[in-house]
**Student:** 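I have a structure I would like to understand better, so I am pasting it below and will then ask my questions one at a time.
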2 protein chains.
Amino acid sequence: MYSTSVNLLSKTENTMQDILFDFISKYISLTEDEKHAIVSLDIFRLVKKGTILLKEGQKSPYEYFVLKGCIRKYYITDGEEKTTAFFTEMEGVTPHCAIHNTPSEYFISCVEDTILTVAHTDMGVELFSKFPKFEIMCRVLSEELLARQQIDFDEFKTSSPEQRYLNLLQNRTDLIGRVPQHQLASYLGITPQSLSRLRARIMEKSKA
Amino acid sequence: MYSTSVNLLSKTENTMQDILFDFISKYISLTEDEKHAIVSLDIFRLVKKGTILLKEGQKSPYEYFVLKGCIRKYYITDGEEKTTAFFTEMEGVTPHCAIHNTPSEYFISCVEDTILTVAHTDMGVELFSKFPKFEIMCRVLSEELLARQQIDFDEFKTSSPEQRYLNLLQNRTDLIGRVPQHQLASYLGITPQSLSRLRARIMEKSKA
DNA sequence: TTCATTTCTTAACTTTAGTGAACGAGTTTT
DNA sequence: AAAACTCGTTCACTAAAGTTAAGAAATGAA
């Protein structure tokens, strides 16, 4: 389905599996049996920078989990790209369209060459019935994510664009380096011009 | 723990249980046994308008689910109240502090007289081991909530205060009636004065 | 009821964001 | 190599939000 731009991993595959298992082990402990079950799902993919994983209008049943790299979620309205989220190492997305089986309202593409897991939503169902442990992990994970997301949302609501940018500087320094300014701008809810100005303003202040 | 302002229900209790069971039945089907298990948890509470369910700094292990009424989440920074969320009928909150057992960063209080369930986070653990069904429901529920929340966040980021207010008018008409303006304002990420002005502006436009 | 407090609105002024346009630097295409 | 794009920045201008203050309306308590 992903033609040329999405490939199976080869040498790095073992390393990637271990990264995933390390992550999972924070939530549940895995038997060899369970590890094999995961490996046999064949979900590891290497995706080239620029690849579009999900397009607006598409009905896609896949969910993603980033092991290394960065993917980006964006809308296109009136021909304008509006970036609303980035997902980097150890972050996952389950697109709305995958849950509700409706056409997607947004795009997901790769900001950099990215290693991720691509899971069909049905895989979960299978896995859950065989290994109820995973059900627990997924519940805990989404509750955590939900709480985290709510705090981010709160912070966004209660701060000005400038504060939001300063926040980003403190908490997500990585993003500022690896992501183009105009994408960061809409992520902060402002135009690229405003972000430029705001950065200049901050520079002025810190000089004085 | 809730002294005078939180009471057990009496006559209305059965009705409330049914509302909860109806809600649950959208996700899983319940046996009589399971219904009894829920009832025996004794989680239904009637809470008076103005009651504070959770205070900043408090370590509270409780999560809430609104059956009737409205509760509100807000921060106090520099003496200013910042409302970031409302929860009404069939909406639930699991405060961040309940998950991580850390002091709460925000308050939760009742906007109106409210009927809700108050569950200790440990109750879940018990219930899940006895009835794995609930684990499934909770996973599905939080995944749904997460997706919903992400869309709301996206919408917030990509629209102006005026658009956000117009959105609210369309999708959450109820809130506009039952919630004070200044609380709505910070919910929209603006000051009460801006909301007033913005409303006047919209009125002008629709007249012309 | 009366008094005090809170809530909402309006106004004047300041600050910041949106908009349209232009420019140079760096890419990519041809 | 030249042309066409993209990206970040700057500028001038417009529009909207923040701030401070004041007053009217609604609410709650004595």
Side-chain angles (χ1 to χ4, degrees), chain A residues 48-52 72 74 76-83 107 109-112 156-169 175-208, chain B residues 4-5 48-52 70 72 74 76-83 86 107 109-113 156-169 175-205 207-208:
Chain A
K48 282 260 160 61
K49 173 177 176 172
T51 308
I52 295 181
R72 170 183 148 247
Y74 60 100
I76 297 186
T77 49
D78 314 313
E80 288 272 299
E81 260 188 29
K82 305 235 178 180
T83 299
F107 297 78
S109 80
C110 294
V111 174
E112 328 169 327
F156 195 94
K157 275 183 183 167
T158 58
S159 31
S160 66
E162 184 167 328
Q163 287 172 314
R164 297 201 282 260
Y165 178 72
L166 291 172
N167 248 339
L168 210 65
L169 271 179
L175 274 191
I176 293 171
R178 66 211 286 196
V179 156
Q181 295 287 327
H182 68 281
Q183 289 173 13
L184 268 188
S186 54
Y187 181 67
L188 292 170
I190 56 177
T191 61
Q193 293 91 325
S194 289
L195 179 54
S196 256
R197 208 165 22 190
L198 178 160
R199 278 157 50 91
R201 207 161 57 218
I202 290 171
M203 283 303 194
E204 271 314 301
K205 281 182 194 165
S206 65
K207 243 192 285 180
Chain B
T4 54
S5 46
K48 282 259 160 60
K49 173 176 176 174
T51 308
I52 296 180
C70 179
R72 168 183 151 248
Y74 61 100
I76 297 187
T77 49
D78 313 313
E80 288 272 299
E81 260 188 30
K82 306 236 176 177
T83 299
F86 297 100
F107 296 77
S109 80
C110 294
V111 174
E112 328 169 325
D113 288 1
F156 195 94
K157 275 183 184 167
T158 57
S159 31
S160 65
E162 183 166 330
Q163 286 172 315
R164 298 202 282 261
Y165 179 72
L166 290 171
N167 247 340
L168 210 65
L169 271 179
L175 274 191
I176 292 171
R178 67 210 285 197
V179 157
Q181 296 287 326
H182 70 281
Q183 291 175 10
L184 268 188
S186 53
Y187 182 68
L188 293 170
I190 56 177
T191 60
Q193 292 90 326
S194 290
L195 179 55
S196 256
R197 209 163 23 191
L198 179 161
R199 279 157 48 94
R201 206 160 59 217
I202 291 170
M203 282 304 196
E204 270 315 299
K205 281 181 193 165
K207 243 191 285 178

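Treat the numbers as computed from the prediction; the structure is a model and nothing was measured. Chain identifiers are assigned alphabetically (A, B, ...) following the order of the sequence lines, protein sequences preceding nucleic acid strands; residue numbering begins at 1 within each chain.
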**Student:** If you count the non-hydrogen atoms of other residues, nucleotides and ligands that lie under 6.0 Å from CD in A:Gln181, is the total more than 12?
**Tutor:**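 Yes - once you tally the heavy atoms of other residues, nucleotides and ligands closer than 6.0 Å, there are more than 12.
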**Student:** Donor-acceptor check, side chain of B:Ser186 to backbone of B:Thr83, threshold 3.5 angstrom: yes or no?
**Tutor:** yes
**Student:** Identify which nucleotide among D:dG8, C:dT16, C:dT10 has an atom closest to any side-chain atom of A:Arg201, counting heavy atoms from C-beta outward.
**Tutor:**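 The answer is C:dT16.
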**Student:** To the nearest Å, how far apart are B:Glu80 CD and C:dT6 C1'?
**Tutor:** 14 Å
**Student:** Starting at CG of B:Leu195 and ending at C1' of D:dA16, how long is that distance when rounded to a whole Å?
**Tutor:**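 Those two atoms, CG and C1', are 14 Å apart.
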**Student:** Counting only side-chain heavy atoms from C-beta out, which of D:dT10, D:dC7, C:dA17 sits nearest to A:Leu198?
**Tutor:** C:dA17
**Student:** Among the candidates D:dA17, D:dG8, C:dA17, find the nucleotide nearest to the side-chain atoms of A:Pro180.
**Tutor:**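 Side chain of A:Pro180 sits closest to D:dG8.
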**Student:** With heavy atoms under 4.0 Å as the rule, sort B:Arg197 into base, sugar-phosphate or nothing.
**Tutor:** base
**Student:** Calculate the interatomic distance between B:His182 atom NE2 and D:dA25 atom C1'; express it in whole Å.
**Tutor:**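 Distance, rounded to whole Å: 15 Å.
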**Student:** Considering only side-chain heavy atoms of A:Arg199, which listed nucleotide, D:dC7, D:dT9, C:dT10, is closest?
**Tutor:**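 Nearest nucleotide to the side chain: D:dT9.
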**Student:** Please verify the inter-ring angle class for B:Tyr74 with B:Phe107; under 30° counts as parallel, over 60° as perpendicular, anything in between as tilted.
**Tutor:**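 Parallel: the ring planes of B:Tyr74 and B:Phe107 meet at under 30°.
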**Student:** Please figure out whether B:Lys49 or B:Glu162 has its closest DNA chain D nucleotide nearer the 5' end.
**Tutor:**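 Result of the comparison: B:Glu162.
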**Student:** Heavy atoms within less than 4.0 Å of DNA chain D: which residues of residues 183-193 of chain A have one? Give them sorted by number.
**Tutor:** A:Gln193
**Student:** If I take atom CG from residue A:Leu169 and atom CD1 from residue A:Ile176, how far apart are they, to the nearest 0.5 angstrom?
**Tutor:**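 The distance works out to 4.0 Å.
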**Student:** Any donor-acceptor pair under 3.5 Å linking the side chain of A:Arg72 with the backbone of A:Val111?
**Tutor:** no
**Student:** Rounded to whole Å, please give me the gap between CD in B:Gln163 and P in D:dA17.
**Tutor:** 11 Å
**Student:** Quick one: B:Met203 CE to C:dC8 P, roughly how many Å, whole number?
**Tutor:**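 Answer to the nearest Å: 15 Å.
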**Student:** Return the value, rounded to whole Å, for the distance between atom CG of A:Asp78 and atom C1' of C:dG20.
**Tutor:**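 One finds 16 Å between C1' of C:dG20 and CG of A:Asp78, rounded.
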**Student:** With no hydrogens and no angle check, just 3.5 Å: does a side-chain donor-acceptor pair link B:Arg197 and B:Ser194?
**Tutor:**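 B:Ser194 and B:Arg197 do have a side-chain donor-acceptor pair below 3.5 Å.
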**Student:** In terms of side-chain heavy atoms of B:Gln181, which of C:dT16, C:dT9, C:dG18 is nearest?
**Tutor:** C:dT9
**Student:** Within the 4.5 Å heavy-atom criterion, are A:Thr158 and B:Thr77 side-chain neighbours or not?
**Tutor:** no
**Student:** Please compare A:Pro161 and B:Ser196 by the position of their nearest nucleotide in DNA chain C and report the one closer to 5'.
**Tutor:** B:Ser196
